[in-house]
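Take a look at the structure below.
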2 protein chains.
Amino acid sequence: MNETKKLREILHQKNLRYTPQRQEVWDEICATKEHRDAEDIYNSLRKRQTNVSRATVYRTIDILVKNNLVRRLDLGDGRSRFENKIGIAHHDHIVCLDCRKIVEFMNEKIEELQEQVAKEMGFEIVRHVHQLFGRCLDEKCPNK
Amino acid sequence: MNETKKLREILHQKNLRYTPQRQEVWDEICATKEHRDAEDIYNSLRKRQTNVSRATVYRTIDILVKNNLVRRLDLGDGRSRFENKIGIAHHDHIVCLDCRKIVEFMNEKIEELQEQVAKEMGFEIVRHVHQLFGRCLDEKCPNK
DNA sequence: TTCACTATTGAGATTGAGTCTCAAAGAAGT
DNA sequence: ACTTCTTTGAGACTCAATCTCAATAGTGAA
Ligand SMILES: [Zn+2]
Ligand SMILES: [Zn+2]
Ligand SMILES: [Zn+2]
Ligand SMILES: [Zn+2]
């Protein structure tokens, strides 16, 4: 699989070692499109008999984030969430305060205006956080 | 002072008690326009012989936030920051990754587009987080 | 293959922001 | 001043995340 190679390549490039634990963590993150936290990833690994320690899960995620394979999200609930970044276009997030549903959005005009605003204020943007919190109009949402 | 009255009023309105500790915390937050964390506020109070416990600082800030006197910011460094909200127009933040300078911005068009995007996705926005992280072009900034 | 050199791992300790507990102190209305 | 109910403070506790360090294991060279 393409993503497996990608990991090996980057680790080699950075003089880091390719280990089964790192591969397992990366595979687990690639397995879904959800926005999962470290504990969640750790538990999924244990559930399928893959024993990678909590510390290693955290350490591996840090490597993946630093090398742009994974994106770290802070949705304001006190822990980081992660999503595979390979082949995924930039987007931001809308979160329902009642059912915690997360929806992705991307608006080219907002992205442009951000750049423009930053330039006006004398900044060069490296990254941005843009999250909308509210209530979804979904039937299944407890907010009725 | 106007802000003092505001606190008394709101506490009364919510059947909460007006105490010197709560007043001190509110005064301390009103004293600057900076984006300070709870520990910082706690330390400032101690420095001027005003002994309010850490727990009370946190509890009071929660009340102030719930009642719209104070805004809670999460700038991604693992602790909440606070700013007086009374008479302050809505704005978002740009943060320099090198010198931690925080600059405020407000762009009407972005605000509108956010609303529009949310509507399109079937959400009603309650609040939003919009932060730009980058490097400032300031002489004094360590990034040169 | 084996070796030597390092990096990595795991278990558990530690950190740090924030919350909780509960007995003592104190608002506020009467 | 009295009663009632809330608030306070000190320190215990929580929880995500990081650190420690001895044991383990990639990796490249021989
Ligand atoms: Zn964006
Ligand atoms: Zn996403
Ligand atoms: Zn805004
Ligand atoms: Zn601000």
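The basis for the numbers below is simple: all heavy atoms, side chains too, and nothing from hydrogens, waters or symmetry mates. In what follows, chains carry the letters A, B, and so on, assigned in the order in which the sequence lines appear, proteins first and then strands, with residues in each chain numbered from 1.
- Along DNA chain D, read 5' to 3', the first and last nucleotides having any atom under 4.0 Å from a heavy atom of chain A are dA16(D) to dG28(D).
- Residue-level contact check: Asn15(B) touches neither bases nor backbone, having no heavy atom under 4.0 Å from any strand.
- If you take OH of Tyr18(B) and P of dA27(C), they are 11 Å apart, rounded to a whole angstrom.
- Under the 4.5 Å side-chain heavy-atom criterion for grouping Ile, Leu, Val, Met, Phe, Trp and Tyr, Val57(B) is connected to Leu16(B) within one hydrophobic cluster.
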- request: Any chance you could lay out the salt bridge (Lys or Arg N to Asp or Glu O under 4.0 Å) test for Arg79(B) and Asp40(B), step after step, and finish with the verdict?
  value: CA-CA 11 Å; Arg79(B) 62 213 130 122; Asp40(B) 193 6; over 6 Å; no
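- By the 4.5 Å side-chain criterion applied to Ile, Leu, Val, Met, Phe, Trp and Tyr, Ile110(B) is assigned to a cluster that also includes Ile94(A), Val103(A), Phe105(A), Ile110(A), Leu113(A), Val117(A), Met121(A), Phe123(A), Ile125(A), Leu132(A), Ile94(B), Val103(B), Phe105(B), Leu113(B), Val117(B), Met121(B), Phe123(B), Ile125(B), Leu132(B).
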Identify all pairs in which a protein N or O lies below 3.5 Å from an N or O of nucleotides 14-20 of chain C, and state each distance.
residue: dG18(C); atom: OP1; partner: Ser80(B); partner atom: N; Å: 2.8
residue: dG18(C); atom: OP1; partner: Ser80(B); partner atom: OG; Å: 3.4
residue: dG18(C); atom: OP2; partner: Tyr58(B); partner atom: OH; Å: 3.0

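- Look at CZ on Arg22(B): it is 13 Å from C1' on dA28(C), rounded to the nearest Å.
- Following rounding to the nearest Å, Leu16(A) (CG) and dC5(C) (C1') show an atom-to-atom distance of 16 Å.
- The existence of a salt bridge linking Arg71(A) and Asp92(A) is confirmed by a sub-4.0 Å separation between a basic side-chain nitrogen and an acidic carboxylate oxygen.
- Taking the nucleotide of DNA chain D with the nearest heavy atom to each of Val52(B) and Arg17(B), the more 5' of the two is matched to Arg17(B).
- Residues Lys33(A) and Glu104(A) are not in side-chain contact: their nearest non-hydrogen atoms beyond the backbone lie 4.5 Å or more apart.
- In this entry the distance linking CD of Gln21(A) with P of dA7(C) reads 17 Å, nearest Å.
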field: From CA spacing to verdict: side-chain hydrogen bond (donor to acceptor under 3.5 Å, both in side chains), Gln131(A), His130(B)
entry: CA-CA 6 Å; Gln131(A) 290 153 3; His130(B) 197 183; over 6 Å; no
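- The shortest non-hydrogen separation linking Arg22(A) to Leu7(A) is O-CD2, 3.7 Å.
- For the pair Leu11(B) CG and dA27(C) P, the computed distance is 13 Å after rounding to whole Å.
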Audit row: Asp27(B), Gln23(B), side-chain hydrogen bond (donor to acceptor under 3.5 Å, both in side chains) steps and yes/no: CA-CA 6 Å; Asp27(B) 286 349; Gln23(B) 184 62 58; 2.7 Å; yes
